[in-house]
Amino acid sequence: MKQNYFPQEIEKKWQKIWEESGAFKTPDKSDKPKYYALSMFPYPSGKLHMGHVRNYTITDVIARFKKAQGYNVLHPMGWDSFGLPAENAAMKHGADPEKWTVENIAYMTKQLKMLGLSYDWDREVTTCKPDYYKWTQWLFLQLYKKGLVYKKEAAVNWCDKCATVLANEQVIDGKCWRCDSEVEKKYLSQWFIKITDYAEVLLEDLDKLTGWGDNVKTMQANWIGKSQGAIFRFPVVDTPNGDKLEVPVYTTRPDTVHGITYLVVAPEYKDIEKLTTQENKEAVETYRANARKMTEIERLSTERVKTGVPLGTHCKNPFTGEIFPLWTADYALVEYGTGAVMAVPTHDTRDFDFAKKYNLPLKVVIQNPENPSDCKDAAYTEPGVLVNSGEFNGMKNEEAKKAITEKAVREGFGEFKTQYRLRDWLISRQRYWGAPIPVVYCEKCGIQPVPEDQLPVLLPKDVDFSVVGKSPILTSKTFIETTCPCCGGKARRETDTMDTFICSSWYYLRYADAKNDKMPFSKDKVNHWLPVDQYVGGIEHAILHLLYSRFFTKALRDLGLLDFDEPFKNLLTQGMVLKDGSKMSKSKGNTVDPDEIFENYGADTARLFILSDSPPARDFDWSDAGVEGCYKFLNRVWRLVASNADDISLADAAGFNYSSLKKDNDDLVRNVHIAIKGITNDISNDFQFNTVISKYRELTNAIYEWRGKKSELDDEDKKVMSFAIVTLMKLMSPVAVHLTEEAWHDLGAEGSIHDEPWCEWDENLAKASSITLVVQVNGKLKDKIEADEACSEDELKTLALNSPKVKELTDGKTIVKTIVVPKKLVNIVVK
RNA sequence: GCCCUGGUGGCGGAAUCGGUAGACGCGUCGGACUUAAAAUCCGAUUGGGCGAAUAACUCAGUGCCAGUUCAAGUCUGGCCCAGGGCACCA
């Protein structure tokens, strides 16, 4: 066995052997229970970054650990390969986005292989390939037939820089999630998916996801934004044209209905023109025009002073008979509720601000009896008792919510209502590099889905990528003109492509049956492999990808394509990789190139380091010294094996009689069992790889220390050492995949260490032979005494009281109480 | 404003049940080996006090203030700070 550790040499060697022997191929059929370990698949942007390295290493170690524990593990990889960067690169270099993407995939695949990841590459999925996007289109058509896809004219988020629309989830603080430029409103006819039909079940089923963190679940719950309230309809008393109109409002505070002093409709409210008097028309039109021009950022700024104009008409409050004015103001949002708000300035801070500005009246209807307020300076939004509310006076406001709504239901001017903030998912994109939406427009027959046997609708090749401000697909001469599948007449193809988040909403299903050319996947296979047992990825997908995928799974279940309702049983959201305290980014110039680490230290060092310093869910601060430290540790492990190789026997390592060993040998055997137990538990319990690695180090240190005390080894020593070192190799094999394999073979093994079962521990041996009794006086540590494990409580007490230290401290004092914690501690309370 | 997560040495972080705070590592300092360097190995490393610089002793210490308890990083109540999410959502 070579005395020096040459990672570059051994890593290449084993990667080749594993690939040639198909070491990581996963059969669909097996006697073993299944385990599906999945990393969020990457966008092929060019090169791996350290975030990828962290993500994939975590999942790889989990996959290998589960395999060793006897599971049939599915651990696939693929490419989320549609999207704008490819198109932008194409524009810049005049190349085809496909060429750019394929080259990136090739390079990144090479890097993944260098990292020693145990993927079954036979199941690779690439979303931009026709054999995949054919099925994305097919699924679109199924959703369309089910009525879950529709087209409508709507105010949508438009990013001018990306020249496309965006989903609500892709607008972050009024800016484009990808390029950070300000998003505008545009009125366009666009394709939507009815994710709102699933709002309730998406919210409810969060409770089933016991393997997800609360942070992600609350983010989703907030995004869905359920609220319970009521709809009230207010008749308009003075429409200019004499129309009989009602204005419905949604409120979560029906208890305050007697305090309404005005009513606000959104500037985009559908009936607004019918509700505006001749005298107010000009002012209202000006106000509406301004609102339309404003960007999302301007409009949503909380610092902005509220503005509005009166419409000139009035409503009647059916509860009180009071007449109050109608206003329009942009603090009412057309997309939420009914687009109209009943304003109770005394008990709502927004209405209060508005009323103060325009001198609208205040009417107090909720009071805290202990501390009454006239609401002249601020709205009172806390619980209280109703006043000025007729028959409801004296009622607690929580009860009044129900009672008042019930009255409205009885009398026919309102009902209970559950409202969600979630909006339908806008999926059309005015870009080239995505799956074409498979519909055509026929002058006679209207919108026609492309028949399934004509899929895939292929992306055209004859396009000019240098066009600015419109989709390159529009430059194709062959794509747009087609025939109607219904009447055979002239028709035009849809030129919008699908949001790439559609592609990534079902890829995890395709891995179960990646080569199926009849269906996106067979039902049996997805039912067998899914749900994903462990999903690992960044927190940035907490809403976007994870919500969409949950929706897709539920919708496909309702289509009868699969039989489960949540795709990801357990979710680990790994933290970011930082350098010098901030996120690694090209613009900051604080990136670390994985290639350099592989080259200088090897993949095993990279894998060990990326897991070592922080628990997976927390942010990880990259340090060059830390890498160096891990490299030194692997060298130290290698030297331990290499320098003792002649005395190590795999047969002895497999097991021998542990009883009546020499004291130091017994201690080492115990240390090994303690390590097996600790490491197994740390991985099983939330994947605490940082402590796993400190236990590798502890065991290594213990073996070195033991070895350092021996000049000659007898038979027993050799057996014990074989057991200790070989077990260390097995425990380290999921992390240091190449080093342990090389050592395993150098010690004479035939098969792969990665086919070995996980180590077992003996509970009796996984603890120290004696205990350290902690002796406290008045709760403070005063002495430690080595004691036999078998000591009774009384014996421990006597031991403690006989300690010279304790005698000194208790001398002349009264012992009030003595607490004995078996096998651990004695606390003597003195006065 | 609401919600989530977190706060422990110079740094990353350990610490099943409330029971030795600071595992393991990084950094720093000192030492061994060497002609020298690299590599490797050994030791020290929370702060204060009293010692003579060692040892021993002692007090304080896990964001802050209270509480429960023989005993609190851990439990309870109230606050502060940082990061993240949502937000004119009626």
Side-chain angles (χ1 to χ4, degrees), chain A residues 4 172-173 213-227 229 249-253 256 264 266 299-306 329-333 335-344 347-351 353-354 381 419-423 539-540 542-543 573 575-576 578 581 609 612-615 617-630 632-633 635-636 639 678 681-682 685 688 690-698 700-701 704 708 772-784 816-821 824-830:
Chain A
N4 291 316
I172 316 287
D173 294 333
D214 283 343
N215 53 345
V216 179
K217 286 196 277 186
T218 37
M219 276 160 80
Q220 294 213 353
N222 286 343
W223 189 258
I224 296 166
K226 180 179 181 173
S227 71
V249 302
Y250 170 72
T251 180
T252 53
R253 293 296 306 272
T256 63
V264 180
R299 179 153 171 188
L300 295 179
S301 165
T302 42
E303 268 136 66
R304 208 160 73 81
V305 184
K306 290 182 180 43
D330 63 7
Y331 81 91
L333 307 173
E335 325 87 278
Y336 186 75
T338 62
V341 183
M342 62 175 225
V344 184
H347 306 298
D348 181 282
T349 51
R350 293 154 305 190
D351 299 342
D353 292 346
F354 193 80
T381 55
Q419 183 69 40
Y420 302 90
R421 271 208 297 261
L422 184 70
R423 309 281 152 80
I539 185 78
E540 66 275 14
I543 294 172
T573 46
M576 285 187 298
L578 312 177
F609 176 59
S612 67
D613 268 3
S614 296
R618 255 195 256 182
D619 286 350
F620 177 89
D621 210 337
W622 183 273
S623 93
D624 295 333
V627 182
E628 194 74 38
C630 285
K632 284 182 185 173
F633 172 65
N635 273 284
R636 187 168 145 84
R639 284 195 309 273
N681 288 343
D682 284 356
N685 176 24
Q688 296 174 51
N690 55 329
T691 55
V692 167
I693 285 158
S694 58
K695 280 164 185 147
Y696 292 161
R697 292 176 185 273
E698 281 172 351
T700 306
N701 291 345
Y704 261 108
T772 306
L773 182 69
V774 174
V775 183
Q776 296 180 332
V777 175
N778 288 344
K780 297 205 165 151
L781 174 71
K782 293 298 170 187
D783 203 1
K784 293 179 195 178
V816 185
K817 204 173 179 182
T818 310
I819 290 107
V820 183
V821 181
K824 220 170 209 172
L825 170 145
V826 176
N827 186 13
I828 300 155
V829 187
V830 296

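Below, chain A is the first sequence line, B the second, and so on; all start at residue 1. All figures in this text were calculated on a predicted structure; none of them were measured in a lab.
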Classify the nucleic acid contact of [X] as base, sugar-phosphate or nothing, counting any heavy atom under 4.0 Å across all strands shown.
X	value
Lys632(A)	sugar-phosphate
Ala340(A)	base
Ser623(A)	nothing
Asn635(A)	nothing
Val821(A)	base
Lys695(A)	nothing
Gln419(A)	nothing

Among [options], find the nucleotide with the atom closest to the side chain of [X].
X	options	answer
Asn222(A)	U20(B), G85(B), G19(B)	G85(B)
Thr218(A)	A90(B), A14(B), C4(B)	C4(B)
Gln688(A)	G85(B), A90(B), A15(B)	A15(B)
Arg697(A)	A14(B), A90(B), C24(B)	C24(B)
Thr252(A)	C86(B), G19(B), A90(B)	A90(B)
Ile819(A)	A87(B), A15(B), G19(B)	G19(B)
Ser614(A)	C3(B), C59(B), G13(B)	G13(B)
Arg636(A)	C41(B), U20(B), C86(B)	C41(B)

For the pair made of [atom1] in [X] and [atom2] in [N], what is the distance, rounded to whole Å?
X	N	atom1	atom2	value
Gln220(A)	U5(B)	CD	P	16 Å
Lys217(A)	C3(B)	NZ	P	18 Å
Leu781(A)	A72(B)	CG	P	14 Å
Asp214(A)	C86(B)	CG	C1'	16 Å
Asn215(A)	C86(B)	CG	P	13 Å
Asn4(A)	A39(B)	CG	C1'	10 Å
Asp613(A)	G10(B)	CG	P	18 Å
Arg421(A)	A87(B)	CZ	C1'	7 Å

Tell me whether the OP1 or OP2 atom of [N] has a side-chain N or O from [X] closer than 4.0 Å.
X	N	value
Tyr696(A)	C24(B)	no
Arg618(A)	A14(B)	yes
Lys780(A)	A60(B)	yes
Ser227(A)	A90(B)	yes
Gln776(A)	G18(B)	no
Arg639(A)	A39(B)	no
Asn690(A)	G12(B)	no

Using the [atom1] atoms only, state how far [M] lies from [N], rounded to an integer number of Å.
N	M	atom1	result
A15(B)	C86(B)	P	31 Å
A71(B)	G83(B)	P	38 Å
C33(B)	A52(B)	P	33 Å
C80(B)	C65(B)	C1'	10 Å
C11(B)	G27(B)	C1'	7 Å
G18(B)	U5(B)	C1'	23 Å
U28(B)	G19(B)	C1'	34 Å

Answer with yes or no whether Asn827(A) presents, from its side chain, a donor or acceptor under 3.5 Å of a partner atom in the base of C70(B).
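Yes, a donor-acceptor pair under 3.5 Å.
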
Asp682(A) and Lys695(A) ion-paired at < 4.0 Å
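Yes, charged N to carboxylate O under 4.0 Å.
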
Within this structure, what is the CZ-CD1 distance for the pair Arg421(A) and Ile224(A), rounded to the nearest 0.5 Å?
10.5 Å

Working to the nearest 0.5 Å, report the span between NZ of Lys824(A) and OG1 of Thr772(A).
12.0 Å

Please work out whether [N] sits syn or anti, treating a glycosidic angle within 90° of 0 as syn.
N	result
G7(B)	anti
G9(B)	syn
C50(B)	anti

Heavy atoms only: give me the nearest Asn778(A)-Val830(A) pair and the separation to one decimal.
OD1-N, 2.9 Å

Contact summary for Met342(A) and Arg253(A), nearest pair of heavy atoms
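Residues Met342(A) and Arg253(A), closest heavy atoms: CE-O, 3.6 Å.
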
For the aromatic rings, using the six-membered ring if either is Trp, is the centroid distance between Phe609(A) and Phe620(A) under 6.0 Å?
yes

Whom does [N] pair with, Watson-Crick or G-U wobble, provided both distances fall under 3.5 Å?
N	value
A66(B)	U76(B)
A14(B)	none
U5(B)	A82(B)
G27(B)	U45(B)
A36(B)	none

Does the pair Ile819(A) and Gln776(A) meet the rule for a side-chain contact (heavy atoms from CB on, under 4.5 Å), with working shown?
CA-CA 9 Å; Ile819(A) 290 107; Gln776(A) 296 180 332; over 6 Å; no

If we ignore hydrogens and angles and just use 3.5 Å, is the side chain of Tyr331(A) paired with the main-chain N or O of Val264(A) as donor and acceptor?
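No; zero donor-acceptor contacts below 3.5 Å.
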
Given that Met342(A) and Ala625(A) both sit by RNA chain B, which one's nearest nucleotide is further toward the 5' end?
Ala625(A)

Judged by nearest nucleotide, the residue sitting upstream toward the 5' end of RNA chain B, Met219(A) or Lys817(A), is Lys817(A)

Evaluation steps, side-chain contact (heavy atoms from CB on, under 4.5 Å), between Trp622(A) and Asp613(A)
CA-CA 9 Å; Trp622(A) 183 273; Asp613(A) 268 3; over 6 Å; no

Do Ser612(A) and Phe633(A) come close enough that some side-chain heavy atom pair is under 4.5 Å?
no

